[in-house]
Every structure is written in C-alpha cells, then in structure tokens.
Participant: 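The structure's right below; bear with me while I get my questions together.
This one's a predicted model, so the numbers in the text were calculated from it and none came from an experiment. Each ligand, and each atom within it, is numbered from 1 in the order the structure gives.
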Amino acid sequence: MTYKKVFPNHYDFPERINRLGELAYNLWWAWNPSASRLISELDRPLWDALNHNPIAFLHKVDHEILERAAQDSYYLDEYDLVMQKFDEYMKAEDTWCKRECPASVDGKVAYFSFEFGLHESMPFYAGGLGILSGDHLKEASDMGLPLVGVGFIYHQGYFVQKLTEDGWQETSYYHFDFEEMPIIALEEENGTPLMISVELPEREVFARVWMIQVGRVPLYLLDSNVQNNSTHDRQMTARLYSNDLETRISQEILLGFGGVRLLEKLGEDPTVWHMNEGHSAFLTMERVSQLVKQGMTFDEAAAQVKKTNVFTTHTPVPAGNDQFPLWLIDKYFPSTWKELGLTRDQFIDLGKQTQSWGETFSMPVLAIKLSEKTNGVSELHGQVAREMWNFLWPERKVEDVPISHITNGIHVNSWLARRMRLMFDRYLGANWYDHMDDEELWQRVNLIPDIEIWDIRRHTKRKLINYAIETARMNWSSEKHQPSQVIAEGVLLDQYSLTIGFARRFATYKRANLVLSDYERLLKIITREDMPVQLIFAGKAHPADEPGKLLIQQVYRAAKDPRSQGRIVFLENYDLNIARLMVQGVDVWMNTPRRPNEASGTSGMKAALNGTLNFSVLDGWWCEGYNGNNGWVVGSEKDYDDPTLQDKKDAESIYQILENELVPLYYQTRTAGDISEQWISKVKESIRSCAPQFSTRRMLRQYMNEMYLPAMQNK
Ligand SMILES: *Cc1c(COP(=O)(O)O)cnc(C)c1O
C-alpha cells in the first residue's frame with residue numbers, strides 16, 4: 001500500500017523562497033529557533049495572533065511581504081543557511097544511533113500514546129503525558145532512532161479556558177481545519193483518504209489517517225470524523241479524555257486495534273511496540289489475534305507478542321488507572337475470546353483487577369501481562385509501581401516485582417530560551433548539543449560570568465511580563481473584562497521583583513492553594529516594600545473536575561484582592577507557549593504535590609535548564625534532582641497517612657523557607673552591579689546538576705539500552 005502527502009497547493013510563493021512551505025510542514029522548525037524565525041520575522045504580530053501556526057501564517061501573510069523577503073539579501077542568507085541545516089539534518093548521515101548504537105538502526109519502534117504535545121499551534125494534549133510523548137518523538141528524531149508515533153488527532157482539541165469575573169473556569173472547544181495546520185493528509189493512490197476500520201458493537205467504525213512530520217519521525221494520527229461513520233461515531237475522537245466510558249473504550253479499541261492495522265497498511269513493520277500508558281494496551285490483542293488466525297494457540301501467540309512489547313506506566317494513584325467495568329468488556333468483546341481460543345473468564349483474566357467495589361478490566365494490567373518489560377517514570381515512582389502491581393506476582397516480595405524505572409526527561413532544544421542557548425554555545429562549546437548528557441561538559445557553566453546569566457534572566461522575565469500585560473490589554477479592550485480582572489491578569493507585574501511560578505493541571509493532589517492556606521502570612525511575605533514577591537499561576541482543571549475548578553477560583557479571588565496588590569496573577573489558558581514563557585521567565589518554580597502522587601513531573605526540569613530554581617516537594621523527579629544546593633525542598637521526605645496534617649506541615653515549610661531563606665537570598669546578597677552572587681551560584685549549580693541528567697537524551701539512551709534493544713534482540 002502506498003500513500004501520498006497532500007500539500008495544499010494554493011501557495012503562490014516567490015520562486016526564490018518557495019521551500020518555506022516544505023519547512024513549515026516539518027516540525028523541525030519548532031525546536032530550531034533560526035527556522036521558526038525565518039517564518040515569524042516576516043510578520044511578528046500575525047505570527048503571535050495565529051498562535052505560532054506556520055501554515056495558517058503562510059496562508060495569510062501579505063504577498064508583498066513575501067516578495068520583499070525574496071529580494072532581501074539578508075533574509076536570503078538566513079534562508080539559505082536554514083535550508084542547508086534542514087537538508088543536512090534530514091539526510092541523517094551522522095546520527096547518535098549510527099555512532100553509538102548501530103544495532104538499533106535496523107529495528108523500528110512503534111510508540112503509542114493517547115496524546116502528543118508538540119507545539120502550541122496543535123493543542124492535542126492535556127498535560128504532562130502529552131508533552132512527554134512529544135518530547136520523546138523530537139529526541140528520537142534528533143538521535144536518529146527509527147521510531148514512528150501513533151495517536152489521535154482531536155478535531156476539537158483540548159479546551160480553551162476562560163475565567164468568569166468570579167474566577168469560575170468556562171470551557172469552549174476549537175473546530176480545527178487540519179488543512180490550516182502543519183498536518184499532512186494521507187491518501188490512497190486514487191486520491192481518497194487513507195482509512196482503517198475496527199469493529200464496535202453492531203457496526204464497523206472507520207478512521208482516516210493524518211501525519212505530522214516531527215523532524216525525521218512520522219507521527220500517524222487517527223480521526224473518526226469521516227462520512228462513513230454515524231454522527232455519533234464521528235465525535236469519537238473529537239476530544240481528549242471523555243468521562244463517558246463507552247466513548248473511552250471505543251477510542252481505546254480504535255487506538256489499539258486500529259493502530260496496529262494502520263502500521264500494517266503503511267508497511268511500517270515495527271520491531272518494538274511501546275505502550276506509553278495503558279490506553280493503547282488493546283494493541284496486544286490485535287497482535288495476538290493475528291497470530292492466532294495464522295494457526296498459533298493463544299499461549300504461543302501471547303508469548304511471542306510479549307517479547308517485543310514494552311510498557312511505561314505513569315499513574316501512581318490506583319483510582320487514576322484506566323479501567324472498565326466487566327459488563328462493558330462483555331458488550332464490546334462479545335466473541336473475541338472465542339476467536340482467540342479462550343473462555344470468557346480467561347479473556348477477562350488478562351486485565352482483571354479486584355477493587356474494593358468489585359472487579360474491573362484494567363488496561364495497565366493487560367499491558368503489564370503482555371509486555372516483556374515495564375517501567376515507571378522516576379525512581380520513587382518505580383517503587384510505588386512495584387507496590388501497586390505486586391498483586392500480579394503474589395509469590396514475590398515487593399522489591400522483586402519486575403518493574404524498573406526510567407526517569408523522564410525534557411527535549412532540551414524545545415525548552416531552552418534562545419539566549420540561554422547562545423550563551424551555552426559560547427561557554428560549553430559549539431557542539432554541546434551533541435554531548436548534552438555528559439556531566440563533565442556542564443562543569444563549564446562555572447565559566448559563565450554572573451552578569452551574563454543575570455541579564456538573560458532579566459530579559460526572559462520581561463518577556464513573560466510583557467506577555468501578561470499584552471494579553472490583559474487585549475482582554476480589556478474587548479470590553480468584557482472588569483478592571484479587577486485586568487489586575488488579576490498581571491498588568492501590575494514588576495520586572496525587578498522576585499517572581500515565583502506555579503503552573504500545571506489543577507488537580508487537587510497538586511495543591512495549588514497550599515501557598516494560600518495562611519493567606520495573611522502570605523500577604524506579609526509578598527508585600528514587603530524592600531523585598532516584594534510576585535506569584536504567577538496558570539493551569540486548567542479537567543472540565544468535569546469541580547474541586548479543581550474551585551482551586552482555580554480560590555487563586556483568582558486572591559489575585560483580584562486589592563490586598564495582594566496585583567502581586568498574585570493568574571494567566572488564562574495554560575499551554576505550551578505559556579509554559580515556555582513561564583519556565584524561562586520566573587525566578588523560582590514551585591511545585592507542591594501531595595507526595596507520592598507525582599509520578600515524575602517535567603516542568604521543574606524545564607525550569608532548572610533555564611536557570612529557574614526549583615522549590616518543590618520531594619516527589620517524582622525532584623527526589624533525584626535535589627542535591628542540597630540547587631534549590632529548595634518543601635516539607636520532608638515522608639509520606640503521611642493524614643492528608644490534613646501533611647498539608648499543614650508542608651504549608652509551614654513553604655512559609656518558613658520563603659521568609660528565612662529564599663526571599664532574603666534574592667534581595668540581601670547583592671553585589672556592586674546589583675546582582676545577587678549567591679543566587680546566581682545556586683542557578684549555576686542547578687543548571688550543572690540537572691541539565692545533563694533530565695534530558696530526553698539521557699532518557700532515550702536508557703530506553704534504547706534497557707527496553708528497545710533487548711526487545712529487538714528478542715525478535
Ligand atoms: C511540561 C508541561 C506539563 C507537565 O508539567 P508537570 O511538571 O507535570 O506539572 C504540563 N503542561 C504543559 C503545557 C507543559 O509544558
């Protein structure tokens with residue numbers, strides 16, 4: 001089966017720069033600032049207005065601007081340089097994999113995930129899981145690892161967040177036109193959309209296939225919004241994380257069964273199948289079922305399939321795991337067990353988990369049972385996962401449960417501020433990017449003059465504050481906002497004040513309101529004239545999460561309160577762009593999950609890389625990242641049975657550290673140039689210790705050596 005990429009052909013580019021369209025269709029531009037600038041610098045306000053979507057931009061940009069650029073020798077020099085870099089990259093002659101791991105180059109990894117967060121112009125992600133998947137693909141591309149992604153494209157996206165005057169989260173949905181996005185439609189030879197189908201109760205459901213080119217890695221995305229389907233089924237892939245169980249199981253059947261059929265149709269033939277979280281675990285059934293149809297018994301087929309499956313679990317909370325009631329499994333798989341040569345009970349056993357309220361079919365259980373290897377996403381989470389899934393190996397002690405851990409990381413080029421990168425180029429050596437997981441290399445951070453770091457950090461803080469002010473200005477001029485809302489959105493932010501950021505999903509365990517728990521004490525801390533402090537919040541609550549929405553409201557009310565003097569701010573509609581501005585722009589990154597609920601967390605890694613200091617509970621990655629000198633710890637390394645007591649202790653710890661250590665360090669250790677030497681020394685320690693360890697480079701090297709290569713050798 002072949003397929004073709006369809007580029008909208010209504011471009012009318014000047015010949016000299018007509019490869020801009022090709023560039024825009026490969027997300028390589030998203031992590032190469034010189035490439036994205038080639039597009040954005042043509043019309044910066046339009047670029048911002050379109051949320052940095054290059055296809056929409058190239059459709060809308062004034063033709064005269066393009067004509068002028070095609071005559072501008074400075075622009076053309078840039079253009080030629082970028083294109084040369086792009087061509088060299090895509091040729092992939094000298095890659096990490098070829099150098100370090102030639103055995104891998106013949107294999108191929110299929111990476112399945114429910115969400116992919118690649119860029120703000122494509123909001124098909126809800127949070128950390130999606131960002132991690134996106135970073136995984138980008139790093140695989142950089143390293144030359146043969147990998148293809150499989151997931152969904154959601155035509156209504158994750159939602160747009162707006163707050164009412166009283167801080168209540170309201171949601172609205174997008175209606176995307178994929179042809180206005182850097183997304184490629186796959187078609188059959190005859191020009192009809194490329195489709196696959198799966199069987200759902202009493203019907204066949206179809207999905208068409210789109211592709212996003214992520215550097216050298218293709219990401220295939222399923223979309224049920226096609227004419228062959230009923231109106232109801234067309235909505236199946238409209239949004240992420242439906243609370244409706246039938247929608248959810250239908251999506252997962254489409255991803256698991258459909259994803260395998262899709263790769264087959266495209267001739268991809270992967271060696272290793274990586275399930276990123278349990279949502280895609282039905283892929284194991286499709287693989288087994290194909291072998292059973294060829295004549296194997298179920299046990300033989302399962303044993304064979306298992307050898308090349310790997311599974312990553314992300315959820316440390318038992319209730320948070322994806323599971324279905326048994327009646328639903330009976331409804332959606334009325335005869336699958338017969339086809340597999342199993343009894344109904346044997347079939348259910350593949351995913352059975354006994355809960356206090358009864359039995360369920362658990363997707364992670366299915367994934368674990370049919371994978372050669374399973375891993376958690378931080379050292380602490382590995383431990384938690386071994387306890388959680390111990391019941392699957394009742395004869396083993398917790399420490400012998402065969403679940404390992406590979407700590408998450410971040411894709412450095414996607415998260416590093418442009419000026420920081422230029423500084424690293426100067427002090428770490430021009431090819432530091434190729435050796436970023438080398439700890440020795442990062443010792444050179446010591447060579448950077450304090451003033452350079454301080455200046456860059458001031459610049460990135462100004463950028464963040466400008467974003468807040470410009471957004472507030474737009475909202476104000478819409479005549480729908482009250483003055484107090486404009487204050488809450490950040491118009492009073494000050495570029496010289498110590499600024500603390502808190503941005504993440506507003507799930508209750510993340511305790512966004514912990515710092516507000518003794519509000520009077522907080523006000524005293526932030527409003528001192530000689531040492532003012534600002535707090536910037538952002539984040540969405542799941543539309544069905546009422547307690548999460550109440551947390552947002554509590555923060556918003558504090559932001560509007562005149563007594564907080566405009567020093568508490570809430571930025572609406574948290575996304576990749578705001579995340580980037582915040583991790584690069586604030587001085588301190590605060591994270592206060594209720595331990596041990598945060599499997600890893602990655603936003604703090606982004607902060608550390610950019611010289612923002614972490615101030616966090618010892619949970620997830622920070623247990624490994626904190627070394628005593630590179631940030632601060634909230635509370636202690638202890639799990640409490642009583643959450644109220646835990647909250648109280650942790651809040652006390654936050655206030656004490658702010659009052660006695662953190663705020664004074666920022667203001668009271670200034671030298672002649674008004675720079676805090678001791679602060680910058682912590683910043684350097686944080687970059688030096690965290691940057692090499694918490695990158696996707698280190699992470700993928702581990703996936704390669706510990707998961708993919710052994711699975712490839714199993715084939
Ligand atoms: C990095 C990131 C996350 C994950 O952050 P946590 O540390 O898990 O809170 C979520 N959303 C966005 C937009 C991000 O960039």
Side-chain angles (χ1 to χ4, degrees), residues 30-31 51-52 113-136 138-139 157-161 240-241 276-277 314-317 320 377-378 380-381 407-417 464 501-512 514 536-542 548 551 571-586 589-610 612 614-625 631 634 690 694-696 699:
W31 67 94
N51 210 12
H52 313 154
S113 185
F114 218 53
E115 46 170 316
F116 287 91
L118 290 157
H119 188 255
E120 57 268 24
S121 62
M122 293 177 286
F124 310 133
Y125 58 90
L129 184 73
I131 306 293
L132 180 81
S133 308
D135 279 6
H136 197 107
K138 292 174 185 171
E139 189 68 52
Y158 203 52
F159 64 91
V160 183
Q161 177 192 55
L240 290 85
Y241 300 116
N276 189 44
E277 205 31 301
H314 292 260
T315 315
V317 189
V377 291
S378 70
L380 178 62
H381 177 236
T407 304
N408 285 344
I410 53 162
H411 182 249
V412 165
N413 252 358
S414 296
W415 293 106
L416 184 60
L464 168 65
F502 181 104
R504 44 193 44 85
R505 282 184 303 114
F506 270 63
T508 45
Y509 82 84
K510 298 207 182 218
R511 298 188 297 182
L514 193 62
I536 303 183
F537 290 86
K540 296 173 175 177
H542 186 282
L551 286 184
L571 302 180
E572 276 177 341
N573 208 33
Y574 184 50
D575 70 352
L576 254 145
N577 183 43
I578 295 176
R580 212 163 38 229
L581 286 164
M582 285 184 73
V583 296
Q584 295 171 359
V586 299
W589 195 250
M590 187 169 68
N591 191 15
T592 54
R594 193 174 280 134
R595 194 184 133 97
N597 286 343
E598 183 103 306
S600 165
T602 52
S603 58
M605 304 174 185
K606 305 167 193 166
L609 175 72
N610 282 290
T612 296
N614 278 279
F615 177 33
S616 289
V617 167
L618 275 178
D619 197 6
W621 81 282
W622 191 230
C623 292
E624 293 154 67
V634 173
C690 297
F694 299 103
S695 65
T696 38
M699 177 183 95

Participant: With sequence neighbours excluded, give me every salt bridge (Lys or Arg N to Asp or Glu O under 4.0 Å) pair touching residues 117-132.
Facilitator: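 Those involving residues 117-132 are E120-R580.
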Participant: Main chain of T407, side chain of S600: is a donor-acceptor contact present, judged purely on distance under 3.5 Å?
Facilitator: no
Participant: Given N591, which of E598, K510, R511 fulfils the side chain to side chain donor-acceptor pair (under 3.5 Å) condition?
Facilitator: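 Among the candidates, only E598 passes.
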Participant: Output yes when a side-chain donor or acceptor of R505 lies under 3.5 Å from a complementary backbone atom of H542, and no otherwise.
Facilitator: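 Such a contact is absent between R505 side chain and H542 backbone.
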Participant: Parallel under 30°, tilted from 30 to 60°, perpendicular over 60°: which one fits the rings of F502 and F537?
Facilitator: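 Tilted, since the angle between the ring planes falls between 30° and 60°.
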Participant: List the protein residues in contact with ligand 1, where contact means a heavy-atom separation under 4.0 angstrom.
Facilitator: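 Contacts of ligand 1 under 4.0 Å: G127, G128, I131, W415, R504, K510, Y574, D575, L576, A579, G601, T602, S603, K606.
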Participant: Give the ring-plane orientation class for F694 versus W621, where under 30° counts as parallel, over 60° as perpendicular and anything between as tilted.
Facilitator: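 Taking W621 first and then F694, their aromatic rings stand perpendicular (interplane angle over 60°).
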